[in-house]
Colleague: 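I'd like to ask you about the structure that follows.
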Amino acid sequence: MLENVAGAQVARTPEEVRAWVREARQNGKRIALVPTMGALHAGHITLVDAARQHAEAVLVSIFVNPMQFGPKEDFSAYPRPFENDCSRCAEAGVDLIYAPTPATMYPEGYQSHVEVERLTQGLCGAARPTHFRGVTTVVMKLLNIAQADVAVFGEKDYQQLQALKRMALDLDHPTQILGAPIARESDGLAMSSRNVYLTADERAAAPVIVRSLRAAQAQVQAGERDPKLVVAQLVAAMTAAGGRVDYTEIVDPETLQPVATLDRPTRAIVATWFGRARLLDNMDLLP
Ligand code: AMP
C-alpha cells in the first residue's frame with residue numbers, strides 16, 4: 001500500500017515502485033526518474049520540471065545513500081526534512097516518491113557494486129575515493145527498479161553526470177540519462193542542500209565561486225589560452241574570499257581530462273570549502 005505523506009504518494013519498497021511502473025505503462029505513460037537525497041530546493045524542482053517534458057509519470061527518489069559517504073563525511077548530519085520534501089513534490093506534481101530505508105536498499109548480505117573507472121578518478125574522486133562507486137551503484141539499482149524512459153541529473157554534479165552517462169552506455173541500460181543546467185540563487189551561488197551548513201558570513205562570501213568562474217569565462221572568450229593562468233586566478237580569488245580550494249581544474253567536458261590549451265570546448269570545475277560546506281560549481285569556458 002502506498003503511503004500518503006503531505007499530499008504525495010510514497011513507495012517504500014522496490015515491489016511498490018514496480019507495481020506503480022506497471023500500471024503507468026499499461027496506461028501508456030512514459031516514465032521519468034529524478035534521483036535525489038532529499039532536502040529538496042528549487043534546483044531539484046527544475047529537474048522535476050525537465051523530467052515532465054519527457055514523461056507523463058514522474059518518479060522522484062529520496063534516499064540519503066550511506067554508500068556514497070566516506071567514514072568522516074556528513075552522512076549523519078545530512079538534512080532530512082522528509083515531510084517538507086513530500087509537500088514540495090506534491091506541489092511540483094510529482095507522481096510518486098520512492099523513499100526506501102538503507103536496510104531495504106542494502107539488505108543483509110548485500111555485496112554487489114557498479115564502478116565507472118577513469119571518469120571517477122580525478123576531481124571529486126581524488127578526495128572522495130569511494131564516493132562515485134556508491135553513486136553509480138545506487139543509481140543503477142534505481143534505474144533497474146524504475147525502468148524509466150529518462151532519468152534527469154543536474155550539471156551541478158558534473159562529474160557524476162558524466163560517470164552516469166558512461167555507466168548507462170557501457171552497461172547497455174535503456175534509460176536515457178539527461179543533464180539539466182545548474183539552478184542558482186539570485187546572487188549566483190549554485191543551489192545545494194549543503195548550503196544550509198553555511199554561516200551568514202560564509203553565505204555572503206560563497207558567491208565568489210560563481211563570480212570568479214564568470215570572470216574566467218569572460219577572460220577565455222576574450223582570447224586567453226593558458227589554462228594554468230586561468231586556474232591560478234580562480235584559486236586566488238576563492239582563497240582571498242576565505243574559501244579553502246579542494247580542486248580547480250579546466251577539463252575536456254567529456255573525458256574530464258585537463259586540457260593543455262584553451263582552444264576547444266572546455267569546462268572549469270571547482271570544489272571549495274566554506275566552513276564545513278564543500279561547494280561544487282562548474283561552467284563552460286568555451287562552449
Ligand atoms: P542531491 O540531492 O544533492 O544528491 O541532488 C540530486 C540531483 O539534483 C542531482 O542530479 C544533482 O546534480 C541535482 N542538483 C542538485 N543541486 C542542483 C542545482 N543547483 N542545479 C541543478 N541540479 C541540481
Side-chain angles (χ1 to χ4, degrees), residues 1-27 29-41 43-45 47-49 51-52 54-69 73-114 131 133-154 157 160 164 167-168 173-175 177 193-194:
M1 262 292 278
L2 298 178
E3 281 172 51
N4 185 307
V5 181
Q9 280 206 302
V10 179
R12 299 288 188 177
T13 65
E15 293 72 30
E16 288 172 344
V17 178
R18 287 188 202 282
W20 176 87
V21 166
R22 255 193 319 276
E23 193 184 328
R25 289 276 178 227
Q26 276 161 7
N27 293 329
K29 293 182 177 171
R30 291 169 299 171
I31 295 167
L33 168 68
V34 181
T36 80
M37 297 205 299
L40 301 181
H41 50 66
H44 294 111
I45 303 306
L47 303 191
V48 170
D49 295 341
R52 178 68 64 198
H54 298 270
E56 293 75 35
V58 176
L59 167 62
V60 169
S61 62
I62 297 181
F63 179 61
V64 185
N65 176 30
M67 198 188 281
Q68 73 190 66
F69 288 78
E73 293 180 358
D74 58 341
F75 175 69
S76 310
Y78 200 85
R80 291 165 169 85
F82 185 63
E83 293 233 340
N84 192 46
D85 287 345
C86 289
S87 79
R88 286 196 90 136
C89 283
E91 251 168 60
V94 168
D95 299 280
L96 184 70
I97 294 170
Y98 178 40
T101 62
T104 300
M105 193 61 94
Y106 306 116
E108 191 66 32
Y110 188 90
Q111 52 191 292
S112 303
H113 298 89
V114 178
H131 170 67
R133 166 177 135 128
V135 171
T136 45
T137 299
V138 80
V139 171
M140 182 54 93
K141 284 168 67 71
L142 293 167
L143 291 175
N144 286 339
I145 295 166
Q147 297 296 320
D149 296 270
V150 300
V152 186
F153 298 87
D157 301 275
Q160 165 177 290
L164 293 171
M167 174 184 81
H173 204 286
T175 300
I177 308 294
S193 305
R194 289 188 167 101

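Small disclaimer: the values here were computed from a predicted structure and weren't measured.
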Colleague: Evaluate the ring planes of Tyr106 and Phe63, with Trp represented by its six-membered ring, and classify them as parallel (under 30°), tilted (30 to 60°) or perpendicular (over 60°).
Modeller: tilted
Colleague: So which atom in Ile62 and which in Met37 form the shortest heavy-atom distance, rounded to 0.1 Å?
Modeller: CG2-C, 4.3 Å
Colleague: Please answer whether the main-chain N or O of Ala39 pairs with a side-chain N or O of Ser193 as donor and acceptor at a distance below 3.5 Å.
Modeller: yes
Colleague: For the atom pair CG (Asn27) and CD (Glu56), what is the distance rounded to the nearest 0.5 Å?
Modeller: 10.5 Å
Colleague: Any donor and acceptor pair, going by atom type alone, linking the side chain of Thr137 with main-chain N or O of Val114 inside 3.5 Å?
Modeller: yes
Colleague: Among Leu142, Leu47, Val138, exactly one meets side-chain contact (heavy atoms from CB on, under 4.5 Å) together with Pro35. Which residue is that?
Modeller: Leu142
Colleague: Apply side chain to side chain contact (heavy atoms under 4.5 Å, CB included) to His113 and Met67, showing your working.
Modeller: CA-CA 10 Å; His113 298 89; Met67 198 188 281; 3.6 Å; yes
Colleague: Over all heavy atoms of both residues, which pair between Pro66 and Pro102 is shortest? Give the atoms and the distance, please.
Modeller: CG-CB, 4.1 Å
Colleague: Nearest 0.5 Å, please: how far is CD1 in Ile145 from CD in Glu15?
Modeller: 8.5 Å
Colleague: Where do Leu164 and Ile177 come nearest, in terms of heavy atoms and distance?
Modeller: O-CG1, 3.9 Å
Colleague: Working note: Val48 + Cys89, criterion side chain to side chain contact (heavy atoms under 4.5 Å, CB included); need CA distance, chi angles, decisive distance, verdict.
Modeller: CA-CA 9 Å; Val48 170; Cys89 283; 5.9 Å; no
Colleague: Please name the pair of heavy atoms, one in Asp95 and one in Arg52, separated by the smallest distance, quoted to 0.1 Å.
Modeller: OD2-NH2, 3.0 Å
Colleague: I need the minimum non-hydrogen distance between Ala146 and Ile31, along with the two atoms involved.
Modeller: O-CG2, 4.4 Å
Colleague: If we ignore hydrogens and angles and just use 3.5 Å, is the side chain of Arg12 paired with the main-chain N or O of Ala99 as donor and acceptor?
Modeller: yes
Colleague: To the nearest 0.5 Å, what is the distance between CD (Gln68) and CD (Glu73)?
Modeller: 9.0 Å
Colleague: Evaluate Val152 against His54 for side chain to side chain contact (heavy atoms under 4.5 Å, CB included), listing each step before the verdict.
Modeller: CA-CA 10 Å; Val152 186; His54 298 270; 5.6 Å; no
Colleague: Which pairs, with at least one residue in residues 17-27 and sequence neighbours excluded, count as a salt bridge (charged side-chain N to carboxylate O under 4.0 Å, His left out)?
Modeller: Arg25-Asp149
Colleague: Let me confirm one number: the CE-OG1 distance from Met167 to Thr136, rounded to the nearest 0.5 Å.
Modeller: 6.5 Å
Colleague: Side chain of Arg80, backbone of Val64: donor and acceptor closer than 3.5 Å?
Modeller: no
Colleague: Which pair of heavy atoms, one from His44 and one from Leu40, lies closest together, and at what distance?
Modeller: ND1-CA, 3.2 Å
Colleague: To the nearest 0.5 Å, what is the distance between NE2 (His41) and OG1 (Thr36)?
Modeller: 9.0 Å
Colleague: Distance-only, no hydrogens or angles: does the Tyr110 side chain make a donor-acceptor pair with backbone N or O of Ser112 under 3.5 Å?
Modeller: yes
Colleague: Under the side-chain contact (heavy atoms from CB on, under 4.5 Å) rule, collect the residues that match up with Thr104, sequence neighbours excluded.
Modeller: Pro14, Tyr98, Pro100, Thr101
Colleague: Given side chain to side chain contact (heavy atoms under 4.5 Å, CB included), test Thr175 with Leu33 step by step and report yes or no.
Modeller: CA-CA 9 Å; Thr175 300; Leu33 168 68; 5.9 Å; no
